[in-house]
Structures are given as C-alpha cells and as structure tokens.
Amino acid sequence: MRRHPCSGFGLTELLIAVVLLAIGLLGNVALLIAGLQAERNAATLATAATLAADLGERIRANPDAGLAYAITPDAAAPLPAPVCAVAAPFAAAARAACDLAEWQQEVADALPGARVQLTATPVTGTSSLLFTITVRWTAWGDATGGHYSLQLQV
C-alpha cells in the first residue's frame with residue numbers, strides 16, 4: 001500500500017506547534033504581570049498624592065501654625081495622638097499637632113512602611129512659608145521604591 005505524501009501532520013510538526021504556543025502564552029503571562037505591577041504602583045502614587053494634598057489643605061486651613069507642621073525624616077513612627085476634641089477651641093500649634101498625628105496615622109494605614117517628611121522654609125521678602133511634603137514608599141516589585149513631593153506656599 002502506497003501512502004499519499006500529504007496524508008497529515010507528523011509528530012515533529014505537532015511538537016513545534018505546541019512549543020510555539022507555549023512561548024506565546026508565557027509572553028502573555030509576563031505582560032499581564034508587568035501590567036498588574038504598573039497598576040499597583042500607579043494606585044500607590046495616587047494614594048500618596050491624595051494624602052499629601054490632604055495635609056496641604058490642613059496646613060492652608062491653619063496658616064498661623066507655621067513651623068509647627070515640620071516633620072523630620074527621622075520621624076519613623078506616627079506621633080502619639082494628642083487629645084483632639086472637635087468642639088474644643090485650639091491654639092494653632094495644638095491644631096497642627098492634631099493634624100500631624102491624624103495624618104501620619106492615615107499614611108501608616110494607607111501606605112504601610114512609608115516615610116514622610118515635611119519641611120517649612122521661609123520665603124524671602126514675605127511672611128509666608130514654603131512647605132514641601134514628601135512621602136516615600138517601597139514600590140511593589142521594585143527595590144528602589146517611589147516618592148511623591150508636593151510644595152505649597154502659605
């Protein structure tokens with residue numbers, strides 16, 4: 001019996017097709033993982049930006065506190081929560097202490113392990129201060145981490 005030359009696929013062709021399909025699927029998985037990592041890093045950056053803007057609004061609402069809002073880079077743990085009753089009238093420095101304690105707790109809850117820094121420098125020729133709010137964190141899947149800075153003049 002004589003076989004026809006185009007009788008079908010051989011085992012070699014089938015193995016080559018399976019290998020090519022597997023390589024393609026592995027490439028798609030790698031692309032999916034990279035996309036998820038970028039999405040998570042973007043969400044972390046958005047959270048840091050929202051937190052920095054929140055503190056900026058607190059500073060704008062209490063402009064008389066001035067340098068009471070400064071946080072050194074060595075302040076690793078949140079400040080102990082002062083007594084912050086809403087109905088009680090506050091001096092500017094006491095309101096700043098409450099703002100910082102609440103804000104640092106929000107940062108610790110939203111970005112575990114994040115480090116914060118807030119510097120206040122006088123603006124020459126004016127009575128205002130330039131605040132720089134910096135939030136640093138370790139990015140998921142990236143040893144270098146990320147940071148977000150916001151500057152505002154009050």
Side-chain angles (χ1 to χ4, degrees), residues 15-154:
L15 288 175
I16 290 173
V18 168
V19 167
L20 290 176
L21 181 64
I23 290 172
L25 289 176
L26 286 176
N28 284 340
V29 168
L31 186 62
L32 178 65
I33 290 172
L36 290 173
Q37 180 179 353
E39 180 183 357
R40 183 170 179 169
N41 289 342
T44 304
L45 178 62
T47 300
T50 302
L51 289 167
D54 175 49
L55 183 59
E57 290 304 315
R58 291 176 190 231
I59 293 170
R60 285 184 198 273
N62 187 14
D64 296 332
L67 296 174
Y69 277 103
I71 301 173
T72 63
D74 300 330
L79 298 172
V83 178
C84 298
V86 175
F90 275 122
R95 177 76 255 162
C98 286
D99 285 344
L100 286 175
E102 292 169 358
W103 183 75
Q104 285 185 303
Q105 186 59 51
E106 290 173 10
V107 170
D109 292 343
L111 299 171
R115 298 169 313 281
V116 296
Q117 178 181 359
L118 194 147
T119 58
T121 55
V123 177
T124 55
T126 67
S127 62
S128 61
L129 294 170
L130 178 67
F131 290 92
T132 303
I133 303 165
T134 305
V135 180
R136 297 183 188 282
W137 65 90
T138 303
W140 182 76
D142 184 7
T144 60
H147 75 282
Y148 179 81
S149 292
L150 174 70
Q151 289 188 332
L152 65 134
Q153 185 174 340
V154 179

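Bear in mind that the values here come from a model prediction, so they are computed numbers and not experimental data. Side chains included, hydrogens not; waters and symmetry mates left out as well; all remaining heavy atoms used.
Leu55 places a side-chain heavy atom less than 4.5 Å from the side chain of Leu118. Looking only at side-chain heavy atoms (C-beta outward), Tyr69 and Asn62 come within less than 4.5 Å of each other. The closest side-chain heavy-atom distance from Leu129 to Thr121 is not below 4.5 Å. For the pair Arg136 and Val116, the minimum side-chain heavy-atom distance is 4.5 Å or more. Using a 4.5 Å cut-off on side-chain heavy atoms (C-beta onward), Leu152 and Leu130 make no contact. With a 4.5 Å cut-off on side-chain heavy atoms, Thr47 and Tyr148 do not count as touching. Leu25 has its side chain out of reach of Val29: every pair of non-hydrogen atoms, C-beta onward, lies at least 4.5 Å apart. Using a 4.5 Å cut-off on side-chain heavy atoms (C-beta onward), Ile133 and Thr119 make no contact.
The distance from the NE2 atom of His147 to the CG atom of Leu45 is 9.5 Å, given to the nearest 0.5 Å. The CD atom of Glu106 sits 11.0 Å away from atom OG1 of Thr50, with the distance rounded to the nearest 0.5 Å. Interatomic distance, CD of Glu57 versus CG of Asp99, reported as 11.5 Å (0.5 Å rounding).
Taking all atoms of both residues into account, the shortest heavy-atom contact from Ala52 to Leu150 is O-CD2, 3.5 Å. In terms of heavy atoms, Ala68 sits closest to Leu100 at O-CD1, 3.5 Å.
A donor-acceptor contact shorter than 3.5 Å is absent between the side chain of Trp137 and the backbone of Pro112.
Thr132 and Gln151 are linked by a side-chain donor-acceptor pair at a separation below 3.5 angstrom, with hydrogens and angles left out of the test.
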Discussion item. Is there a side-chain contact (heavy atoms from CB on, under 4.5 Å) between Gln104 and Ile71? Walk through the geometry before answering.
Written reply: CA-CA 10 Å; Gln104 285 185 303; Ile71 301 173; 3.8 Å; yes
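Evaluation of the salt bridge (Lys or Arg N to Asp or Glu O under 4.0 Å) rule for Asp54 yields Arg58 as partners, not counting sequence neighbours. Scored by the side-chain contact (heavy atoms from CB on, under 4.5 Å) test, Ala61 finds no partners at all (sequence neighbours excluded). Checked against side-chain contact (heavy atoms from CB on, under 4.5 Å), Thr126 has the following partners two or more places apart in sequence or in another chain: Val123, Ser128, Gln153.
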